[in-house]
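For reference, the structure discussed in these notes is given below.
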Amino acid sequence: IIEAEDAAGYAFEVRAALADGDVRAAALDRAVLHRARAEAWAQAAGTAGGAQDPRRVAYSVPADVPTAELAVQLESSLAESYAALTAEAGTGTRLPLADLSTEASLAAVAWGAPLGAFPGLPEQSTTPPAAG
């Protein structure tokens, strides 16, 4: 999750630098948030600044994907990651992880993603078979 948050922050920084207006402001806000989360997770894991810190100087950012589409991909991926962590977490840590999954899902929606029935759990968004 450290690397995923950091990569999202980097991608949003790159897109903010290439945009203007509302897109620039929104991308910059998300960049700051994701970089701060990466740092917080690295601090919590005890890897910040050390040899085990998974963060990199740079990440690949696809140039052929529109900013809104890339944002949807990044936020949706984080929502799924946080949902997976929520499922594995102990009782006392589930709520903050579920909140992070929800927040990332809502951010994806703000960038244009459809709101699924179970945000962060795309496998649960399919329509169940009819009873009968």
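Predicted model, so just to flag it, every value in this text is computed and none were measured.
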Go through the steps to decide whether T86 and R94 satisfy the test side-chain hydrogen bond (donor to acceptor under 3.5 Å, both in side chains), and finish with yes or no.
CA-CA 5 Å; T86 302; R94 286 187 189 129; over 6 Å; no
Give the intermediate values and the outcome of side-chain contact (heavy atoms from CB on, under 4.5 Å) for residues E103 and L33.
CA-CA 11 Å; E103 192 279 334; L33 178 87; 4.1 Å; yes
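Between A79 and S101, the closest heavy-atom pair is O-OG, 2.9 Å. Nearest heavy atoms, D53 versus G49: OD2-N, 2.8 Å. Residues R30 and A107 share a closest heavy-atom pair of NH2-CB, 3.4 Å. Contact record, P54 with T47: CD-OG1, 4.1 Å, taken as the closest heavy-atom pair. In plain terms, the two heavy atoms of R35 and G9 that are nearest each other are NE-C, 3.7 Å. Across every non-hydrogen atom of A11 and L70, the tightest pair is CB-CD2, 4.4 Å.
Using a 4.5 Å cut-off between side-chain heavy atoms of Ile, Leu, Val, Met, Phe, Trp and Tyr, L85 falls into a hydrophobic cluster with I1, I2, W41, L78, Y82, L97, L100.
Pairs engaging residues 11-36 under the ring-ring contact (aromatic ring centres under 6.0 Å, His included) rule: F12-H34, F12-W111 [sequence neighbours left out].
The backbone N or O of Q73 sits nowhere less than 3.5 Å from a side-chain atom of S77 that would complete a donor-acceptor pair. Under a 3.5 Å cut-off, the side chain of S76 and the backbone N or O of V72 do form a donor-acceptor pair.
In this structure, the side chains of Y10 and V57 stay at 4.5 Å or more apart for every pair of heavy atoms.
We find the CG-CD distance between L74 and E69 to be 11.0 Å, quoted to the nearest 0.5 Å.
Under 4.0 Å is where a charged nitrogen must lie from a carboxylate oxygen, and between E5 and R55 no such pair does.
Contacts of E3 classified as salt bridge (Lys or Arg N to Asp or Glu O under 4.0 Å), with partners at least two apart in sequence or in another chain: R56.
Considering V23, V61, L28 in turn, V61 is the only one that fulfils the side chain to side chain contact (heavy atoms under 4.5 Å, CB included) rule with R15.
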